[in-house]
Amino acid sequence: MNQNTEQLRTEPIGRLLFKLSLPAMIGMLVTALYNIIDTIFVARGIGASAVAAIGIAFPIQMILMAVSSAVGLGGASISSRKLGRGDDAGAAVTFLNVLVLVGLFAALAVSSAFFMLDEILKVFGATSEIMELSRQYLSVVLISSPFFMFTLASSAMVRAEGQAPYQMKVMLTTVLVNLVTTPLFIFTFDWGMYGAATSTALAQVIGSILMLRFFFARKPKTELRFKWRQFRIRFDEIKEIMAIGSSSFIMMVSQSILFVGVNVMLGTYGGTEELAIFAIINKFMALVGMPIMGIVQGMQPIVGYNYGAERFDRMRETIWTAMRAGIAIAVVIWLVLQLFPHTLMGWFSTDEALIAGGVTAIHILFAVSFLPSVQMLVNGIYQSLGKARVAMFLSLSRQTLYTIPLVFILPSFLGVFGVWLAFPIADAMTFLTAVGLAFWDRKLLFRPSEEDKEEHQVDSKATNL
């Protein structure tokens with residue numbers, strides 16, 4: 001039993017879940033704060049048009065992030081279960097297949113920077129005023145995307161070994177590099193948009209170097225043992241990686257589509273003020289889900305490992321502990337949003353009309369924002385167990401199946417109020433969907449046994465086809 005995974009088998013669940021979840025939560029929180037500060041640097045050093053140009057590039061970056069996260073999460077799910085069975089060599093093969101997939105997608109991203117850049121920018125809404133700035137920024141980002149994609153995908157594999165603290169160190173290092181170099185390149189070197197993009201690319205390169213050290217240094221931190229001569233591309237495993245990770249991919253892509261749809265409807269039935277309110281609320285929407293995602297990321301390697309190791313008691317304890325912690329945190333965040341919306345809006349603006357409109361929007365949009373925490377946790381459990389089809393359906397339910405249609409339908413009857421109302425209705429429907437699926441699979445999720453595992457393995461082969 002190697003030292004990285006021994007803790008997944010023996011350490012007390014509460015302490016283990018806290019240890020694996022906290023680094024992810026801190027890392028995501030720091031990243032969110034960095035994004036706010038970095039935008040301030042760009043706005044003050046280059047101008048509002050530069051911020052708009054980065055806004056055009058952001059959905060493209062989200063797609064790269066979606067692909068990398070999907071590959072990494074799929075590989076981590078398989079790897080966790082193999083490690084739980086003591087198959088370290090098989091887990092190493094899984095990681096190498098993850099690298100193959102990342103390499104293929106990164107090659108597509110780099111080639112698009114040379115052959116389709118202007119076409120991509122036009123599709124995503126770049127106007128003639130910001131086309132040159134968008135081109136400068138996105139060209140650098142796409143060329144450096146292999147480093148970004150490798151870092152993101154391998155982060156999930158690091159967590160699969162129970163080494164979330166190392167992932168947090170890598171994330172904090174890249175954020176620190178970016179915070180230091182962005183003002184340096186923009187204000188001191190006067191590199192403009194190229195400076196902002198180069199700062200991002202440099203941070204990505206450093207992050208990938210740190211990840212390479214984890215796996216391939218002379219004295220690597222990983223317990224995986226790579227036997228290169230025996231490595232073969234396993235298309236069946238690649239297919240399973242993509243099937244498991246597809247739910248995360250669809251969720252992130254649908255989020256990008258959702259934001260575009262909301263902006264279109266607010267522009268149609270409202271105006272600049274409503275668009276500004278949603279831009280501010282976007283910051284809170286990102287922060288709301290981060291602690292829950294941190295718990296999910298800490299929970300998944302424990303659940304996957306102990307399922308593979310047939311330690312069903314520990315698996316069940318992990319699920320219930322994560323559920324209690326996630327719901328409690330979600331309720332606290334909900335209370336803050338409902339009790340202090342005026343203060344929160346005041347961080348972004350002194351315009352009383354804007355603040356008043358934002359307070360109303362927060363009260364409506366976040367009316368039941370604690371409910372989706374259940375969906376996120378249940379979805380994470382299904383991913384850990386390799387139930388790709390159910391995980392994909394749950395990922396689709398909140399944004400693609402419920403929120404996006406409601407965003408386009410309700411404003412026709414209720415105007416801007418309908419846009420805000422779409423979110424709590426979708427949250428409630430998502431909650432009911434997740435609870436219904438969890439109840440249907442209650443034996444597998446909450447009272448598993450060896451017989452349930454065998455039945456699930458047969459079912460997984462069918463559902464992952």
Side-chain angles (χ1 to χ4, degrees), residues 3-4 20 23-24 26-28 30-31 33-35 37-38 61 64-73 75-76 79 91-111 113 137-185 189 191 194-228 231 297 301:
Q3 61 183 13
N4 285 350
L20 296 184
I26 293 175
M28 286 186 285
V30 170
T31 300
L33 294 175
Y34 148 72
N35 286 331
I37 297 171
D38 192 55
Q61 291 175 287
L64 298 178
M65 189 183 304
V67 171
S68 308
S69 296
V71 173
L73 287 171
S79 180
V93 171
T94 298
F95 176 68
L96 295 177
N97 277 282
V98 165
L99 294 187
V100 170
L101 279 173
V102 169
L104 290 174
F105 287 120
L108 291 175
V110 172
S111 64
Y137 184 81
L138 191 60
S139 61
V140 176
V141 167
L142 288 176
I143 291 172
S144 64
S145 61
F147 303 102
F148 169 67
M149 297 177 74
F150 167 74
T151 302
L152 202 59
S154 58
S155 291
M157 300 298 295
V158 170
R159 291 196 304 271
E161 290 196 56
Q163 289 293 304
Y166 186 86
Q167 182 220 356
M168 182 187 71
K169 291 177 183 178
V170 173
M171 186 177 295
L172 293 178
T173 300
T174 58
V175 168
L176 180 62
V177 169
N178 217 329
L179 287 176
V180 171
T181 57
T182 297
L184 179 68
F185 292 166
F189 295 168
W191 287 357
Y194 281 120
T198 302
S199 173
T200 300
L202 179 61
Q204 293 168 358
V205 170
I206 292 176
S208 65
I209 291 173
L210 293 175
M211 282 297 178
L212 284 169
R213 286 185 59 191
F214 181 90
F215 290 104
F216 302 115
R218 289 186 178 180
K219 295 182 178 180
K221 295 181 180 294
T222 181
E223 297 295 337
L224 302 181
R225 294 294 174 258
F226 300 101
K227 299 178 180 179
W228 298 98
F231 171 67
Q297 290 184 10

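It should be emphasised that the depicted structure is a prediction, and the values quoted were computed from it without experimental measurement. Residues: numbered from 1 along the sequence shown.
Using cut-offs of 30° and 60° for the angle between ring planes, the F214 and Y166 rings count as tilted.
Rounding to the nearest 0.5 Å gives a distance of 5.0 Å between OG of S139 and OH of Y194. Taken to the nearest 0.5 Å, the CG atom of L179 stands 9.5 Å off from the OG1 atom of T174. How far CG of L210 is from CD1 of I206: 7.5 Å, rounded to the nearest 0.5 Å. Here CG of L184 is found 11.5 Å from OG1 of T198. Values are rounded to the nearest 0.5 Å.
For the pair S69 and L152, the minimum side-chain heavy-atom distance is below 4.5 Å. No side-chain heavy atom of V100 sits under 4.5 Å from any side-chain heavy atom of L96.
In this structure a side-chain-to-backbone donor-acceptor pair under 3.5 Å is missing from S79 to G75. Distance alone, capped at 3.5 Å, is enough to place a donor-acceptor pair between the S208 side chain and the V205 backbone.
T181 meets the side chain to side chain donor-acceptor pair (under 3.5 Å) test with S199; sequence neighbours excluded. For L108, the side chain to side chain contact (heavy atoms under 4.5 Å, CB included) partners at least two apart in sequence or on another chain are F105. Among residues two or more places apart in sequence or in another chain, the ring pair (Phe, Tyr, Trp, His ring centres under 6.0 Å) test is passed with F185 by F189, W191. For L212, the side chain to side chain contact (heavy atoms under 4.5 Å, CB included) partners are F150, F216, not counting sequence neighbours.
Closest non-hydrogen pair, A203 versus V177, comes out as CA-CG1, 4.0 Å.
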Review item, side-chain donor-acceptor pairs of residues 141-149, under 3.5 Å, at least two apart:
from : atom 1 : to   : atom 2 : distance (Å)
S144 : OG     : V140 : O      : 3.1
S144 : OG     : V141 : O      : 3.1
S144 : OG     : Q204 : OE1    : 3.0
S145 : OG     : L142 : O      : 2.5

